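Comments concern the structure below.
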Number of protein chains: 2
Amino acid sequence: MAFSPLVDELVESLRCLPGVGQKTAQRMAFHLLERGRSGGEQLADALARAMTGVRRCETCQNFSDTPTCTLCQNPERNTGTVCVVESPSDLLAIEQAGDYRSSYFVLMGHLSPIDGVGPSDIGIDVLLRRVREEGVTELILATNPTVEGEATAHYIADRLDGTPVLITRLAHGIPVGGELGYVDGFTLTHAFRGRKPLAD
Amino acid sequence: MAFSPLVDELVESLRCLPGVGQKTAQRMAFHLLERGRSGGEQLADALARAMTGVRRCETCQNFSDTPTCTLCQNPERNTGTVCVVESPSDLLAIEQAGDYRSSYFVLMGHLSPIDGVGPSDIGIDVLLRRVREEGVTELILATNPTVEGEATAHYIADRLDGTPVLITRLAHGIPVGGELGYVDGFTLTHAFRGRKPLAD
């Protein structure tokens, strides 16, 4: 950029955000400079503190400000049931639903041999140790219903074969509020096979 | 967010960026924490420096690190011709085209009585003084071809009525590489009226 090295640098740095290219970065930089200086300063501060202060929880691998995260520290949470998710945003979605009140394990990814992501890279060894040594009675494998998510779930289940722990997977079916006409065949098949008596 | 106040604060701060809502902010925060810590630190630094260091150029009103921007300081630029644009991104587009080598004036907006934006808010008085006192011979009104942009251009032209300065507006016509079938009627009319001998 011809007129200001500082603006130039800001635009270049904004491109590290996902989904932000040159034009969007420019628009963001100009917006902050024109109309959002205080927001920009606050963002700079929040970024600097988060980048240095946020670590991984020793128990569940989720992001945390402290060695053990607030969810794992909460004594009201049942540690006998562990829900395994791929990412913090999956955990957030479950927390926002508000029904599940036990503990989590965040893989921060899924098995992907083609990208060189093996079991130890996503902490599956840590999870297995926790299941075997800490009296976990149910392990809910809530990885995504994608090829990699399914493979990750099956790998974990295989490794726990013979361990006295109930291993479950989230139910497939029609989304609440969805229209049958727009639901794909696989989902409909799952919904039919998993049908329940109306009284349930 | 349940697990980390620092992440929470980062997500909230990211929402000051234009076009970034709760979900996108979350995705950005998690991306930076998982895979882009160094990029995040660099962004925090660039933001902090830009928010405090970038001011407005005293001559052209554009963003600048110094009291007068590098474009206005450049002795090779002809100051007798001034191109008036609405925003720094318009200026950048013209600079990237690479043909125009004279000076600019950046309004940082357009006249918009409904939003309470009057002539002095976008520095039209500063522009008029510059035109009258600094021997400007041509003023190119390159505001956008929108209702507000046209109104702003006409207002400036009206105020300079009687001043010995050539006032021009960018030509309308068919975009280079465009297909006639997709060009709107107004543009085609302008293109016909502005037609030129082939030898030109």
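Computed from a prediction, not measured in an experiment: that's the story for all the values here. Per chain, numbering begins at 1; letters A, B, ... match sequence-line order.
When hydrophobic clusters are built by joining Ile, Leu, Val, Met, Phe, Trp and Tyr residues whose side-chain heavy atoms come closer than 4.5 Å, directly or via intermediates, Phe63(B) is grouped together with Ile94(B). Note: the hydrophobic cluster containing Leu111(B) also contains Val84(B) (ILVMFWY, side chain heavy atoms under 4.5 Å, direct or indirect links). Both Val126(B) and Ile124(B) are assigned to one and the same hydrophobic cluster, defined by single-linkage of ILVMFWY side chains at heavy-atom distances under 4.5 Å.
Across His31(B), Gln96(B), Gln42(B), the residue that shares the most heavy-atom pairs under 4.5 angstrom with chain A is His31(B). For chain B, the option among Gly39(A), Ser89(A), Gly109(A) with the highest count of heavy-atom pairs below 4.5 Å is Ser89(A). Per-residue counts of heavy-atom pairs under 4.5 Å with chain B were compared for Val20(A), Leu14(A), Leu17(A), Thr66(A); the largest is that of Leu17(A). Between chain B and the options Ala29(A), Ala50(A), Cys72(A), Pro88(A), the largest number of non-hydrogen pairs under 4.5 Å is found for Pro88(A). Each of Cys16(A), Pro18(A), Cys69(A) has some count of heavy-atom pairs under 4.5 Å with chain B, and the biggest count is that of Pro18(A).
Taking CG from Leu47(A) and CZ from Arg37(B), the interatomic distance works out to 11.5 Å, rounded to the nearest 0.5 Å. Note that the OG atom of Ser87(A) and the CD atom of Gln26(B) stand 9.5 Å from one another [nearest 0.5 Å].
Sparse packing is recorded around CG of Asp161(B), with 12 or fewer heavy atoms of other residues, nucleotides or ligands lying under 6.0 Å away.
Of the two parts of Asp65(B), the backbone and the side chain both hold a non-hydrogen atom closer than 4.5 Å to a non-hydrogen atom of chain A.
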Next item on the list: Check step by step if side chain to side chain contact (heavy atoms under 4.5 Å, CB included) holds for Leu10(A) and Met51(B).
Entry: CA-CA 10 Å; Leu10(A) 174 57; Met51(B) 290 303 125; 4.1 Å; yes
